Amino acid sequence: MKPPPAHWSILYRGPLSSCNYACGYCPFAKTRNTPAELRDDAERLARFAAWAGGRAEKLGILFTPWGEALGHRYYQQALAALSHTGNVRRVAIQTNLAHRLDWVADANPATLALWCTFHPTEVNRERFVRQCHRLDARGIRYSVGVVGVREALAELAPLRDRLRPAVYVWVNAYKRTPDYYTAGELARLTAFDPWFPLNNRRHASRGRACRTGHTVFSVDGAGDARRCHFVRDIIGNIYAPDFAARLQPRPCPAETCGCHIGYAHLEHLELEKVFGAGLLERIPSPA
Ligand code: SF4
Ligand code: SF4
């Protein structure tokens, strides 16, 4: 009897680097892409999407662009098309939700999901909330969050009030400054987001079992696969015929892991019990 198809989770990050916002805490270089760079990015995305649709494995795909991708028609179309592709169980993207959302009408709400970050210095709350309500109207699942710099914390409660109770609102802990939060802030943030303490530390990970490099991997625009965004070693190229043979269980080689897109796959944290099928897009399973 043939074994059932493997389940892979893929984090795709092509060369696109431009963004319509200019957040002060942005970890990525603020760039503008030329038309030629955008054409190149679109070609690489199309190649990746064709590869994904042709695999026998069941795929979950999270797009984690350097910049903002959903202002580009070719990303909108790729997400909508992948959401209808038979072997794709989930297609999700990190976005600032600034752009038109009419394209989601063409997507499959059972598989599309959005990881939406609210940037209060770049957009007013009501405009952001209206976009969330447009997703609600289309039945598209999403999580919402903020980068937890002090100036953003006052936005949390009013943002929460304007969203459906079922929408998870996360806070990405600001870890660049050690001991950034006061005890009072820690207590308030933990009451607001029960998973904040998990995000507010770097998890000791060296030697620990992590699903990346085996059933989870990241892919760049050339098809080069790495176990995750944080370990630079290339484990293979997805367009090579022997790629699947490159995947195997392997312990984490890094000292620590501090992002949801990484530590979500550390086996001992058992976060699949919290997030279930929403692990990639950071949507907890209903209680
Ligand atoms: S929206 Fe994201 S990518 Fe764009 S500037 Fe802000 S943090 Fe950077
Ligand atoms: S624990 Fe984090 S850094 Fe280590 S391999 Fe997994 S995702 Fe990468």
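Note that ligands are numbered from 1 as they come in the structure, with each ligand's atoms numbered from 1 the same way. Here the structure is a predicted model, which is why all the values come from computation and not from measurement.
Between Phe275 and His260, the distance separating the two ring centers is shorter than 6.0 angstrom. Proximity of the aromatic rings of Tyr142 and Trp115 is defined here by a centroid distance below 6.0 angstrom, and this criterion is not met. Between Phe196 and Tyr181, the ring centre distance stays below 6.0 Å.
Under a 4.0 Å criterion applied to the non-hydrogen atoms of Leu266, ligand 2 contributes the atoms 1 (S). Atoms of ligand 1 found under 4.0 Å from any heavy atom of Cys19 (numbered from 1 in listed order, with element): 1 (S), 3 (S), 4 (Fe), 5 (S). For ligand 1, the atoms closer than 4.0 angstrom to any heavy atom of Asn96 are 1 (S). Residue Trp66 has at least one heavy-atom neighbour below 4.0 Å for each of these atoms of ligand 1: 3 (S).
At most 12 non-hydrogen atoms from other residues, nucleotides or ligands lie less than 6.0 angstrom from CH2 of Trp195.
In this structure, Arg176 contributes its side chain and Tyr25 its backbone to a donor-acceptor pair below 3.5 Å. The closest donor-acceptor contact from the side chain of Asp41 to the backbone of Leu16 lies under 3.5 Å.
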Distance-only check: which donor-acceptor pairs under 3.5 Å involve side-chain atoms of residues 239-249, not counting sequence neighbours?
| unit_1 | atom_1 | unit_2 | atom_2 | d |
| --- | --- | --- | --- | --- |
| Tyr239 | OH | Phe48 | N | 3.2 |
| Arg246 | NH1 | Ile235 | O | 3.2 |

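Comparing heavy-atom distances from atom 1 (S) of ligand 1 across Glu122, His119, Gln94 singles out His119 as nearest.
Screening Leu59, Asn87, Val88 for a side-chain contact (heavy atoms from CB on, under 4.5 Å) with Leu82, the sole residue that qualifies is Val88.
With a 4.0 Å heavy-atom cut-off, ligand 1 is reached by the backbone of Cys23 and by its side chain too.
Here atom 8 (Fe) of ligand 2 has protein N, O or S atoms under 2.8 Å from it, and they come to 1.
Looking at every heavy atom in both residues, Glu122 comes nearest to Ala22 through OE1-N, 3.1 Å.
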